[in-house]
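Written below as structure tokens is the structure these notes are about.
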Amino acid sequence: MKTGLFVGCILLLVPLQTTVLGSISPFGIRPDLCLIAACLIGFLTGQVQGLIMGFFLGFVQDLFSASDLWLNTITKSGVGFFAGLIARNLANAASHSAFLVVAVFSVFSGVVFMVSSRVGMDIGDVLLGFPSILLPQALFDGLVAIAAYWVATRWTPEASSF
Amino acid sequence: MIGRVRPLFLWSASTRRLVVGMVIIALVLLFLLPRQTQFLLQQVGKPVADVVSVPLEMMADVDRGVRNWWNQYIALQGIYEQNRDLQVKVQNLEGELNQLREQALASQRLTALLDFQEESAMTTLAARVIGRSASNWYHGVVLNKGEDDGVAVEMGVVTPAGIVGYIVKVASSTSIALLITDPNVAVTGLIQRTRDEGIVQGTAQGFVRMKYIPPLAAVKEGDTVVTSGLTGGFPRGLLIGQVLTVGEREGDLFQTAHVAPVVDFGKLEEVLIVLPPPSSESTESIGNILTSQEKKPKDS
């Protein structure tokens, strides 16, 4: 069951991101489903699970992204791992914690992408990524994370004590 | 400390250590040697991409079906179809008109030097857009043709209306094309009326601009920008867009023009991938052609 969920996540999240979300992206911004998944898995199940899932999700995302250098593999692994570490040290976790953690990691990941995708450009063009992509996406990711967190904690009885 | 759900993977301790170790080694290698490991991971990724492309194509079909159903039955059935047909027809005619205009100009100026008909003839492969790049930071599309169909990196992608971008990543059955609205794409362009060249590049805002236009070039709003054919991937004379504004600041060495692309990237459904010409002769640059033409009288 768990392995099926793991494989299903990897096989379906990226296709969902590249097809359906393309049609329903407000202001051209789509939530990064792989980042949200890696982050929440780390947050809910621990840093090792977050690291492994982040690695595979990022790897598949890289295959269907125009970015190079395997940035998604590295950033998603890091996001899953550090989300798990943060959750270990939290006294109480709730949907607003998930929102904050996902939004912060979305900003972190966005900065990495912004710098790498805008190499050699004017600083004005680079910084334009903040209001046009980075911040709206962080907000969007955070909101989707709240919904995903709510679903995850109701599906898994162990998490209902959060 | 918060409560936890059960672990995702119920592995033994040794398997778990092995997997984590391999992931960490892979990450360290990726981090330290990104360029060197890229080829290796691309090879590893090809079968994975093939597997993922199955649900991707299925979802693309479902997405397309839902969108078609919505457009045809919810949003004014007949008008939508008529409008779409007319738009396609207008785009085709614009493309043809532009090709003809370009041919006429080239014939007047370069008939003795170039066989323009031969140069503009291109071999193409039709592909369907099955998705958008999985990252907001790159303006790209996923195409349903890949290495098995003869697609390779740096091939140009066009529609009958004009150029779209070029291929940056290829798997066995899919490929990723970066659009000309992406800042990482640059194509040599030509102002059709004045014959001034420049570099057409995407911007961070998702627009297109033409840089390095000579300072004395009389470029004006509405001028047509076409490919110059000097960079790989695109033959000469393909429509890129029309000049919206020309920015010229005092002290600037070159002019920059904002260009409105002719292709509506939000509604891309089918594209053509430009395959390399069968013989190397047709890839000669203008410089080479001029040189060979100049030599002819001496030879004879």
Side-chain angles (χ1 to χ4, degrees), chain A residues 2-3 5-6 11-12 14-20 22-23 28-30 32 41 44-46 48-49 51-53 55 59-70 72-74 77 87-93 113-114 117-118 121 125-126 128-129 132-133 137 152 156 158-159 161-162, chain B residues 1-10 16 19-20 23-24 26-27 30-31 34-35 37-38 41-42 45-46 48-49 51-60 62-63 66-67 130-140 142 168-169 171 174 176-178 182-184 203-206 266:
Chain A
K2 296 283 181 186
T3 311
L5 186 69
F6 164 71
L11 288 183
L12 295 179
V14 172
L16 194 67
Q17 171 107 25
T18 55
T19 56
V20 181
S23 311
I29 301 293
R30 289 164 294 164
D32 190 341
I41 287 166
L44 293 173
T45 67
V48 173
Q49 324 281 340
L51 174 76
I52 296 172
M53 275 298 278
F55 179 85
F59 178 63
V60 175
Q61 195 176 10
D62 267 329
L63 294 173
F64 290 93
S65 164
S67 62
D68 62 358
L69 289 176
W70 305 95
N72 282 303
T73 312
I74 292 171
S77 304
R88 264 179 81 172
N89 297 302
L90 275 181
N92 275 309
F113 273 90
M114 191 170 71
S117 67
R118 307 280 193 261
M121 290 179 203
D125 282 347
V126 176
L128 197 70
S132 62
I133 301 177
Q137 189 183 329
T156 49
E158 295 91 335
S161 61
F162 278 25
Chain B
M1 190 163 143
I2 62 173
R4 293 289 165 86
V5 300
R6 272 177 297 172
L8 274 178
F9 333 108
L10 300 172
R16 190 180 152 101
V19 172
V20 172
V23 166
I24 290 171
L27 283 173
L30 277 174
F31 198 73
R35 292 281 172 205
T37 49
Q38 190 146 328
L41 277 173
Q42 203 149 12
K46 273 178 186 167
V48 180
V51 173
V52 178
S53 66
V54 175
L56 198 152
E57 293 220 31
M58 283 165 63
M59 277 193 198
V62 171
D63 183 46
V66 170
R67 263 189 294 151
I130 56 171
R132 304 269 148 188
S133 173
S135 165
N136 285 320
W137 293 98
Y138 293 88
H139 304 143
V142 184
V168 290
K169 233 177 230 179
T174 55
I176 314 283
L178 209 52
D182 190 282
N184 295 292
T203 67
Q205 300 96 316

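Just so it is clear, the values below take in all heavy atoms, side chains as well, and ignore hydrogens, waters and symmetry mates. All chains are named by letter (A, B, ...) in the order of the sequence lines, taking the proteins before the strands, and each is independently numbered beginning at 1.
- When heavy atoms are compared at a cutoff of 4.5 Å, B:Val52 approaches chain A by way of both its backbone and its side chain.
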**Message:** Would B:Asn136 and A:Phe113 count as a side-chain contact (heavy atoms from CB on, under 4.5 Å) here? Give the steps.
**Reply:** CA-CA 9 Å; B:Asn136 285 320; A:Phe113 273 90; over 6 Å; no
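- Smallest separation of non-hydrogen atoms from B:Ser133 and A:Ala66: OG-N, 3.2 Å.
- Contacts of A:Phe64 with chain B are made by both backbone and side-chain atoms, with heavy-atom separations under 4.5 Å.
- Residues B:Gly45 and A:Leu63 approach most closely at O-CD1, 3.4 Å, considering heavy atoms.
- Atom CD of A:Gln17 sits about 11.0 Å away from atom CE of B:Met59, to the nearest 0.5 Å.
- Interface remark: of the candidates B:Pro183, B:Ser53, B:Gly140, B:Ala26, B:Pro183 forms the most heavy-atom pairs closer than 4.5 Å to chain A.
- Most heavy-atom pairs under 4.5 Å with chain A: of the set B:Val48, B:Val20, B:Leu178, B:Leu41, this distinction falls to B:Leu41.
- With a 4.5 angstrom heavy-atom cutoff, B:Ala171 does not touch chain A via any of its atoms.
- For B:Leu56, the parts lying near chain A are the backbone and the side chain together; criterion is any non-hydrogen pair under 4.5 Å.
- Legend: residues meeting ring pair (Phe, Tyr, Trp, His ring centres under 6.0 Å) with A:Phe59, ordered by chain and number and at least two apart, are A:Trp70.
- Heavy atoms closer than 4.5 Å to chain A are found nowhere in B:Thr203, neither backbone nor side chain.
- The minimum heavy-atom distance linking B:Asp63 with A:Val20 is given by the pair OD1-CA, 4.0 Å.
- We find the CG-CD1 distance between A:Leu51 and B:Ile24 to be 6.0 Å, quoted to the nearest 0.5 Å.
- Residues forming a side-chain hydrogen bond (donor to acceptor under 3.5 Å, both in side chains) with B:Ser135 (at least two apart in sequence, or on another chain): none.
- Once rounded to the nearest 0.5 Å, the distance linking OG1 of A:Thr19 with CD1 of B:Ile130 reads 9.0 Å.
- Taking every heavy atom of both residues into account, A:Leu12 and B:Pro55 meet most closely at CD2-CB, 3.9 Å.
- B:Lys169 places a side-chain N or O within donor-acceptor distance of the main-chain N or O of A:Ser65, the cut-off being under 3.5 Å.
- For B:Val23, the parts lying under 4.5 angstrom from a heavy atom of chain A are both the backbone and the side chain.
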